[in-house]
Structures are given as structure tokens and as C-alpha cells.
Amino acid sequence: MNWKNEQKQSGMRQYLKVSIFFPILVLVLYSILFLVMPDKAWPALKNSVSILQSLLIPLCLVFGLIFLINLFLNPAKVAKYLGRTSGLKGAVLSAIAGVISVGPIYAWYPLLKDIKEKGAADSSIAIFLNNRAVKPFLLPIMIAYFGLLFVIVLTVLMIVASFAIGYVLSIFMGIDKPKCAD
Amino acid sequence: MKIAISSAGSTLSSNVARQLGTAEYMMIIDLDTGDVEAVSNPGKGQQRGAGIQAVMLAISNGADTVLTGYCNPAISRQFETGGIEIVTGISGTVAETIQNFKDILPKETDANLDRSAGEAPKTDKKKYINAARSALRQLINILPVMFSIVLLIGLFNTLISKKILAGIFSGNPLIDNFLGACFGSIFTTNPINSYIIGGELLKHGVSLVAVTSFVIAWVTVGLIQLPAEMTALGRRFAVLRNFLSFLSAIIVAFLTVSVLNLTGIVS
């Protein structure tokens, strides 16, 4: 199976679908609503605007945090070491790379495939992917909605769970030798 | 300072390759020592994924700047995130490119040499600008889908009553938890969207455990992305990882709410 074509079809197309077609779909939906039920459309729009207003300050903080991460950390550089390290060090590095990684997931698949072929453990890749759920620069938004304590508890548990998933996955993958991706 | 130039051949007289990802070679030039190395480009002849490999090649060779004919914006961003400056629109031979680059460089090199006194390097300002520019771009990338989600929620808040929602999320923690994880498993987009949706669901009286499993599954499980993950990392790996992540979303949601209950924050 041709990886490039497959990747193009599934990863990129899905991303485009979400980032282009989704907003268009929503706009079409609103247009229809304005024509059919204008009395419902206005409150819906007003409600959306008030949600956006409440997101304004957290979003500014998000910008500041992304700026700092860009300045001091380099996800690609950290990810590069995943192929060379193993054990606890590898797991911690994978977690850090996952946490600081940005951008749509499809952009990371080629790099992950590459470092996997270079010898990165399955557990490292799984830990990387699961820690993408922990995003320090989005904490302001999360705190605004759920409160600080919830965010701390959830973040800690998610990181612990990612290690558990990496561990269990490596056991299952080791039962018989995994086939190569292609 | 090291620069990398995409090249059609392995000598200094070779032409600069127009496409970065698919170039035959990457010439790595150390401007301080004058060392030149021709590194075969692993992405040559490929279409997708070649750009990412070029980024990796430049990073692993310690390049500060990459010069090429053309590089697509998504890959440029990867370079910027990696702290590497990318200069496009370059043509001519590799030797000419090095000379031209050196001609515009002296001021900056002198500044670097004067740095021994311990002053802040001049390039720091550039680093800040690049980081800010890249942050702005990352934020802008998030916005279209985020705005759409907010608009949908506005619609949802107006059209869907609490009664309908209560019909789906019955209040049974086990079922709610499972349903939350199911809804979160469909897509994988930026987590910011799951926070907004989750937060609004909470306001509508949906239980915290359902919202939590939804938020976790949103990023860690992706049915729509599954084919891409399978081709990149293997069918078995992708299916297992998604399945384990789904289970983990349910368990972590349950534990999170239990911990919060213990602290008395959530009644």
C-alpha cells in the first residue's frame, strides 16, 4: 500500500474537511436558520458572541503561552531523540514532546513513522500521542471553564494514564512481532 | 553559523533545487570553518512527507538558516517552530548563493563577534519576532474551527432544550461516562474545542464525568483519523492505542471526578 497516497487521502483530506468545510457548513446552517427562523437565529448568534467575549482574555493568555513555548522549546528537536532513547528517559521525553507539540495531528504522522523506523519504542509513540491532550498553552481556556483544581487533577491523571497506555500497549505489541507499517 | 541549501547536485557548482523537500541533496555549509558537506536528501522523489524529512535533516545537521527555491507554508512553519530561518526564492548555483548570503551577512557576523563582552546578541530580537509571528499563526489556525464550534453552540443553546439533553445524558454516571467518551472519540481536533463544548454542556446540566471523558477522548481517540494513524504507525498499533485510550478516558474521567468529590469541590 502506498503510504504517501494513503496519507494524502486520509490525513490531509480530513484536516481540510474540518478546517474548511466545517466553517462553511456552519455558515450555511446559519443562513438557512436566518431565512426560516429569524427569531431563533438572532438569539443563537447573540449567545455565540457572548461565548466569544468570555474567551477573549483566555485567548490572549493562550497567545502569550504559545509565544513562550516557541521561544524556549523545540518539539521537533525533542521528538528527534525519541528514536534513540528508551526506558524511563524515553517515556519522559515522549511525554514532553507530546505536551509541547503543536499543529494538526496529520502533520506529525510522517515524523512519527520516521522515528518509529529509526527504532523508537511503540510505547514512546503512544505516550507522545496521548500527551497531545495536555496542552499548557490552552490551560487558561480550560481553567476558565472548569476551574484550576479540576485542570490540575485531570492533567496529572492524563499524564499517568499515558504512561500506563504506553506500557500496556508495549506488552500487547510484544506478544508477536508487529508488522511494519507499509 | 551553519546554513543548508537545497541542491540538485553534490558540488558547489550545482544549481539550487527549486523544491526543498524533493531536492537531491542538502548542502550543509559551516560559514565559520568553511566546511561543506553534501547530504543525500531522504525525501527526494517523494511527494508527501518529504518536507518534514527536510526539516529533520536541517535540524539534525544543526543548520541555522535554510535557503531554497520554494518551500510550502506548512513546512516553513515547521522550520520556524524548530528555530530555523527559511529563505525562499533562491536561484543560481550553490556557490553563488553562499557568496550572496555572506555579502548580506557581515553586519550580523560582526555583531556576533563583538558579543564576547557579554551583550545580548542582536539575533535575539529576530528570535522574539519569529516566536511571536509563529504564535500568531498557530492561534489563527485554531480560530476558524473554534469560531464555528462557538456558533454551533450558540445554535445548540437556543434550539436544544435541557430536556432533550437530559434524555441523552440520564445522570447515570456509568452510562454518561461511556456516552461522553463515545462522542469525544469521533473527531480529533484542537482540544480548545472540546473545552468550549464541554463547558457549555456542563452549564446545561450534563454531568462532569460525561464532560470529562468527552474532553479526554476528544484528543486521544480519533475514529476519523484512524486510517491515517494506521498507515503511519501500523494497523495493530493504531487500533490498540485508540482502544486503550478510549478505556483510559472512561477510567480517568471517573478518577478525576472521584478525586474532586473527595476534596469536596464537586458535590
Side-chain angles (χ1 to χ4, degrees), chain A residues 3-4 6-8 10-11 14 18-19 22-23 26 30 40 43-45 47-48 51-52 62-63 66-67 70-71 74-77 80 102 105-106 109-114 116 122 125-126 129-130 132-133 135 138 141-142 145 149-150 153-154 157-158 161 165 168-169 172-173 178-179 181, chain B residues 46-49 52-53 55-56 59-60 74 78 81-83 127-128 131-132 134-135 138-139 144-145 147-148 150-155 157-159 188-189 191-192 195 198-199 212 216 219-220 224-225 227-229 231-234 236-237 240-241 244-245 248 252 255-256 259-260 263 265:
Chain A
W3 140 258
K4 285 159 274 170
E6 188 76 7
Q7 169 71 2
K8 197 173 183 175
S10 45
Q14 291 307 337
V18 173
S19 63
F22 183 55
V26 173
Y30 260 84
K40 291 274 183 195
L45 196 63
N47 193 296
S48 306
I51 294 174
L52 279 179
V62 167
F63 173 79
I66 301 181
F67 170 74
N70 285 344
L71 207 57
N74 186 336
K77 236 176 209 170
K80 197 184 68 170
V102 289
I105 182 63
Y106 87 90
Y109 287 141
L111 182 61
L112 291 177
K113 183 179 190 275
D114 191 49
K116 193 183 174 184
D122 288 317
I125 311 273
L129 285 172
N130 282 66
R132 284 178 49 84
K135 285 275 140 297
L138 291 177
I141 306 267
M142 213 182 178
Y145 270 114
L149 188 70
F150 174 89
V153 173
L154 181 64
L157 286 175
M158 281 207 296
I165 288 172
V168 176
L169 196 120
F172 276 105
M173 296 296 286
K179 264 181 18 183
Chain B
Q46 292 188 14
Q47 284 179 326
R48 278 212 67 76
I52 299 274
Q53 292 189 22
V55 176
M56 296 302 295
I59 289 176
S60 60
Q78 298 271 348
T81 314
K127 209 173 136 190
Y128 284 113
S134 166
Q138 284 164 33
L139 195 65
V145 175
F147 280 149
S148 316
V150 169
L151 282 169
L152 267 189
I153 290 171
L155 212 62
N157 283 344
T158 319
L159 297 178
T188 298
T189 70
I192 197 169
Y195 305 158
T212 310
I216 304 168
V219 185
T220 55
I224 299 228
Q225 275 86 352
E229 190 175 334
T231 34
L233 303 167
R236 185 176 172 157
F237 174 92
L240 250 174
R241 194 197 68 78
L244 290 173
S245 302
S248 134
V252 170
L255 288 176
T256 305
V259 171
L260 290 174
T263 58
I265 296 293

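Values in this document were obtained by computation on a predicted structure and should not be read as measured data.
Between the side chain of B:R236 and the backbone N or O of A:F172, at least one donor-acceptor pair lies under 3.5 Å. Although no hydrogens or angles enter the test, the distance criterion places no donor-acceptor pair under 3.5 Å between the side chain of A:Y30 and the main chain of B:L152.
The nearest pair of heavy atoms linking A:P23 to B:P144 is CG-O, 3.9 Å. When all heavy atoms are compared, the tightest approach of A:F67 to B:Y128 is CE1-O, 3.2 Å. Of all the heavy atoms in B:F237 and A:D122, the pair that sits closest is CE1-O, 3.3 Å. Looking at every heavy atom in both residues, B:T158 comes nearest to A:A44 through OG1-CA, 3.1 Å. In plain terms, the two heavy atoms of A:F63 and B:A135 that are nearest each other are CE1-CB, 3.7 Å.
Between A:N130 atom CG and B:R241 atom CZ the span is 5.0 Å, to the nearest 0.5 Å. In this structure, CD1 on A:I141 lies 4.0 Å from CD1 on B:I192, to the nearest 0.5 angstrom.
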Pair B:F147-A:L52, side-chain contact (heavy atoms from CB on, under 4.5 Å): steps then yes or no: CA-CA 8 Å; B:F147 280 149; A:L52 279 179; 3.3 Å; yes
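For a residue to count as touching a neighbouring chain, one of its non-hydrogen atoms must lie under 4.5 Å from one of that chain's; by this rule B:V259 touches chain A with the side chain only.
The side-chain contact (heavy atoms from CB on, under 4.5 Å) test with A:M158 is passed by exactly one of B:V219, B:T220, B:I216: B:I216.
Chosen from A:N47, A:V168, A:L45, the residue pairing most often with chain B at heavy-atom distances under 4.5 Å is A:N47.
The shortest distance between side-chain heavy atoms of A:S48 and B:I153 does not fall below 4.5 Å.
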